[in-house]
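Contents: one structure, followed by commentary.
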Amino acid sequence: MPSTLHGTGVSAGLVIGNALWLDNRRCVVPRIKINADQVDAELERLDAACELSKQQLTALQLSVKESLGDDHASIFTGHQHILDDPELRKRIASCIKEELCGVEQACEDVLAEFCAEMAQIDDEYLRERLVDIRDVGERILCNLLGIDPIQTPEHSGEPRIVVADDIPPSVAARLNPARVAAFITASGSRTSHTAILARALNIPAVVAVRESLSVIRNGTCLALDGASGVIHVGPTQEIISVFKRRNLRQRAWMSQILSESNQPIETLDGYQVRLVANVELPVEAMNVRQRYNVGIGLFRTEFMFINGASLLDEERQFIDYRDTAQAVYPLSVIFRTLDIGGDKFLSELNMPHELNPFMGMRAIRFSLSRVDIFKVQLRAILRASAFGKVRIMFPMISTLDELQQALTVLDEVKNDLRANKVPFNEDLDVGCMIEVPAAALLAERLIQHVDFFSLGTNDLVQYSLAADRSNPDIAYLYQPIHPSVIRMMKHVADVCYANGKWVGICGEMAAEPLYAPLILGMGIHELSMSPVSLAPIRKLVRSIRMFEAEALVAKALQCGSAGEVQKLCRDFLKKSCPELLFEDNPDNSSSANGANGANGNNANGSSASATPQQ
Ligand code: PEP
Ligand code: MG
């Protein structure tokens, strides 16, 4: 009986294949009593198991470094830190002494206690690190019991879709893309190490599946969409055909993109558009540059810190920013300063619990409250600007005062660098994100102080409609093409045009072919998106005429509801590029990517607004 499961798509790709449950056998731990004179021997066994675990982790770290680079290898530096934690060893030793039990039992009980304590903490990042602690704990236990701790799935024949309650990072790092077509887990999140590794390995993946995975048996046929997070269990022939068609289309676009990657991306009537990528780690930026030959329109810097890099370590940050800038050169990279708060927290900061975190101490508000951390980041980015085309932008600006404060801090850091003769690009472009309605409506004043704007529509939509972007119960209200959003976007684009500045968009709606004509028609000429969407949007750009897109915007501005705008967009796409309108999409998503979208208008030719060189 076919059914559909829904999770978080963390690594894009369309896959049809048979399921293979990961052998998630937990070690069966003997629970034995010992005599007091055996305690020392048990402690020695603990030390030996920890030492062996250490050697294994060093080897794993080296192999990941070779295949995926330093960033991913550093996940296992975190594992070494867990192993070295004196508190963990102290608690296991006390348990052996007090309970007079075998080291395996002590190890299991203490890890369970540790994890239970951490599970209480209201911090997504910290909870994600639970997976790492369990991973290390399992490794010690396996070593005590003499079992191979790396349980990578073994099978013959076609690549399989691996299914598991969770996949520890040490197993994910060893997944072989030639044998594993995709994976699905019940737990996890976009920021979990396993998800990050999936993107690096280019293995499509869906995590945090809301429904029970028990409907999947070994060998069950699955159709998985790693972008939307939808999994069809026992898909019908119709779904399989649709997946195959979409896959073929994506491959065709991909080879087209590769063969044309040096040609300008322009509309049929000759307007050039810049497509760039959203990334979260230096290694992703390097992959994108190699694969798609595009620059980076949004580098979400906060994700670098979940791998254990300290926020106060300027050198470490500098190296990552510099390597990224060099890899992307001669194209440009926009580093967005820290956007933590909301749903992204870093445990080392001990941020207080808030009732409304999305409206609380987030993004630039946090940076201005911790100028010490802000300055370290700005110094590191400025230093990197001497090595490539680097731009900086500030997230979640809501007042002029905030922008001025951020610029003052930036000036102080620049003065300090000058005084110490540290080179940086004096002409570096500075921008701010427009993701709060107050900022959109104050665009005329804000633009006087920056070189560019970037529309963060993921947030602009949620703040405009007071609809939490992560709450599925009110997803119906999360309307990127709500007329109010479109009007704001158009206003921002017009302000940029009038002031000879440029505006980009880095929210998810830029990746939606249905809405891209509206965005282009507004005069927004840099569209930044997940790399997987670059191919269809490129195709879209090359299929439309700018004057028609502008006319679409003019009509959309007259609409009173998102539904009316949706109809206009659908009709437009049907006429200009019907291949991108996936009426046959089984997920019922509106078009090729199923991403959220939005748009605006431009009846006055704002398409000519200044655009920067990459
Ligand atoms: C946005 O808000 O549109 C955006 C790109 O930022 P983030 O998704 O990181 O909040
Ligand atoms: Mg945002």
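Order of appearance sets the numbers: ligands from 1, and atoms from 1 within every ligand.
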| salt bridge (charged side-chain N to carboxylate O under 4.0 Å, His left out) assessment of R383 paired with E314 | CA-CA 10 Å; R383 284 174 57 200; E314 178 185 322; 2.6 Å; yes

| request: Please check if the side chain of T301 supplies one atom and the backbone of R336 the other of a donor-acceptor pair under 3.5 Å. | output: yes

| query | Which of the atoms of ligand 1 are close to R469, meaning less than 4.0 Å from one of its heavy atoms? | reply | 2 (O), 7 (P), 8 (O), 10 (O)

| said: Out of the candidates C559, C569, P483, only one should pair with E564 under the side-chain contact (heavy atoms from CB on, under 4.5 Å) rule; please name it. | reply: C559

| NZ/NE/NH1/NH2 to OD/OE distance under 4.0 Å, R246 and D225 | yes

| query | Can any side-chain N or O of K501 pair as donor or acceptor with the backbone N or O of I447 at less than 3.5 Å? | reply | yes

| R362 and D459, any side-chain heavy atoms less than 4.5 Å apart | yes

| field | Closest protein heavy atom (residue, atom, distance) for atom 6 (O) of ligand 1 | value | R336 NH1, 3.0 Å

| Closer than 4.0 angstrom: is that true for some heavy atom of M396 and an atom of ligand 1? | no

| request: Could you confirm whether D459 has any N/O/S atom lying under 2.8 Å from the Mg ion (ligand 2)? | output: yes

| Hey, does the side chain of D339 reach the backbone of M396 with a donor-acceptor pair shorter than 3.5 angstrom? | no

| query | Heavy-atom contacts under 4.0 Å between R300 and ligand 1: side chain, backbone, both, or neither? | reply | side chain

| query | Can you list the ligand 1 atoms lying under 4.0 Å from a non-hydrogen atom of D459? | reply | 1 (C), 2 (O), 3 (O), 10 (O)

| message | Could you check whether any side-chain N or O of S528 sits under 3.5 Å from a backbone N or O of A277, counting only pairs where one atom can act as donor and the other as acceptor? | response | yes

| message | Below 4.0 Å from ligand 1: does a non-hydrogen atom of R362 turn up there or not? | response | yes

| task | Check ligand 1 against L298 and write out every atom of the ligand that is under 4.0 Å from a heavy-atom position of the residue. | result | 5 (C)

| request: For G456, counting its heavy atoms only, list the atoms of ligand 1 lying under 4.0 Å from any of them. | output: 1 (C), 2 (O), 3 (O)

| field | Atom name, E435 (N, O or S, nearest to the Mg ion (ligand 2)) | value | OE1

| query | Do we see a donor-acceptor contact under 3.5 Å between the side chains of D401 and Q405? | reply | yes

| request: Pick, from L460, N458, N278, I434, the option with the minimum heavy-atom distance to atom 1 (C) of ligand 1. | output: N458

| said: So, regarding E302 and ligand 1 (criterion: nitrogen or oxygen to nitrogen or oxygen, under 3.5 Å), is there a contact or not? | reply: no

| request: Check each atom of ligand 1 against the heavy atoms of G507 and keep those under 4.0 Å away; list them by number with element. | output: 3 (O)

| note | Under 4.0 Å from one or more heavy atoms of C506, ligand 1 contributes atoms 5 (C)

